[in-house]
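Here's the structure we're looking at; comments come further down.
Any value given below was found using the heavy atoms of this structure, including those in side chains, with hydrogens, waters and symmetry copies removed. Just follow the structure's listing: the first ligand is 1, and inside any ligand the first atom is 1.
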Amino acid sequence: MCLKWSKIVAVKRMKVGENMQPVEVVIATHNQGKVKEFKTLMESLGLTFTCLSDYPHIEEPEETGRTFAANARLKATYYARALGKVCLADDSGLEILSLKGAPGVRSARYAGEDATAEENNELLLKNMKMQVRRNCRFFCALAVASPDGRILVESSGICEGLLLHEPRGTNGFGYDPLFWSTELHKPLGEATMEEKNSISHRAKAIRKLVNLWRRKK
Ligand code: ITT
C-alpha cells in the first residue's frame with residue numbers, strides 16, 4: 001500500500017524534472033501544536049506541508065469512528081477527496097485505564113462539544129479524584145490518503161504515563177500538563193519540544209510512517 005504513495009510522489013517529482021517542486025502534503029488539522037510536531041519529524045522527506053488553516057473554506061467531517069484508526073482514515077479520505085491532494089490525518093487522544101479507556105476518541109470534546117483544554121482537564125481531574133490507579137496513555141493513529149481517497153499508508157504510536165493530581169507546567173497542549181511521562185520521568189507540561197518529540201505517541205507513529213515509506217521507495 002505504501003508503494004502507491006511513494007509512486008505518486010516519485011511520478012510527480014519526475015514530471016517536474018529540473019524545476020522539481022516538493023510535493024504538497026496537507027496535514028488534516030488546525031492544531032498548530034500538532035503541525036509543528038509533524039513538520040519537525042517529517043522534515044527529512046523533503047515535502048511541502050500545509051494544514052487546514054491554509055484551506056479555511058473546507059468543512060469538517062463528523063468524527064464518527066469508534067476507534068482512533070477509524071477516525072484517522074475517515075479524515076484522511078474526506079480531506080484528500082475534498083482538496084484533491086495527498087492528505088495526512090491523525091486522530092489521537094488520552095486513554096485512562098480506570099475510566100475504561102475514556103476520554104478516548106472523545107478527548108477533544110470530553111467536557112462538551114466546544115470545551116477548552118482547561119475545561120477538559122478540570123473534568124478529568126474531578127472524575128479521577130477517587131482513583132488510585134492512574135495509568136494512562138496517549139494513542140495516535142495516522143493515515144495517508146491519495147487525492148482519490150484511497151488509504152496509502154497507516155501507522156500508530158503509544159506514549160505511556162500516569163495522570164497527575166494537578167496540572168504541572170505550561171508546555172505542549174491539551175492534556176500535557178496532567179501527563180507524567182514514565183519515559184521522560186517528568187510531566188509533559190514541563191518537557192521541551194525536543195524531549196516530547198523523543199517519546200510522544202505522535203512522534204512514534206510518524207517515525208513508523210516515515211520508515212514504511214522509505215522502505216518502499
Ligand atoms: P484536530 O482535530 O484539528 O487535529 P484536535 O486537537 O481536536 O485537533 P484530535 O481530534 O486528535 O485533535 O483530539 C485529540 C485531543 O486529544 C486533543 O484535543 C487533546 O486534548 C488530546 N491530545 C492528543 N494528543 C495530545 C498531546 O500530544 N498532548 C496533549 N493532549 C493531546
*Below 4.0 Å from any atom of ligand 1, is there a heavy atom belonging to Asn120?*
no
*What part of Lys75, side chain from CB on, backbone N/CA/C/O, both or neither, has a heavy atom under 4.0 Å from ligand 1?*
side chain
*N/O of Glu37 under 3.5 Å from N/O of ligand 1, yes or no?*
no
*So is Leu94 close enough to ligand 1, meaning a heavy atom under 4.0 angstrom away?*
no
*Could you list which atoms of ligand 1 come closer than 4.0 Å to a heavy atom of Lys196?*
26 (C), 27 (O), 28 (N)
*Identify which of Ala89, Ser92, Ser107 has a heavy atom lying nearest to atom 13 (O) of ligand 1.*
Ser92
*Parallel under 30°, tilted from 30 to 60°, perpendicular over 60°: which one fits the rings of Tyr175 and Phe138?*
tilted
*Ile96 and Asn127, any side-chain heavy atoms less than 4.5 Å apart*: no
*Polar side chain donor-acceptor pair, Ser146 to Asp148, under 3.5 angstrom*: yes
_Could you check whether any heavy atom of His201 sits closer than 4.0 Å to an atom of ligand 1, since that is the contact criterion I want to use?_
yes
*What's the spacing between Glu24 CD and Leu83 CG if we round to 0.5 Å?*
8.0 Å
*Between the side chains of Ser198 and Glu183, is a donor N or O closer than 3.5 angstrom to an acceptor N or O?*
no
*What is the nearest protein non-hydrogen atom to atom 20 (O) of ligand 1, stated with its residue, atom name and distance?*
Tyr175 CE1, 3.2 Å
*asked:* For Leu164, is there any backbone N or O sitting under 3.5 Å from a side-chain donor or acceptor partner on Arg134?
replied: yes
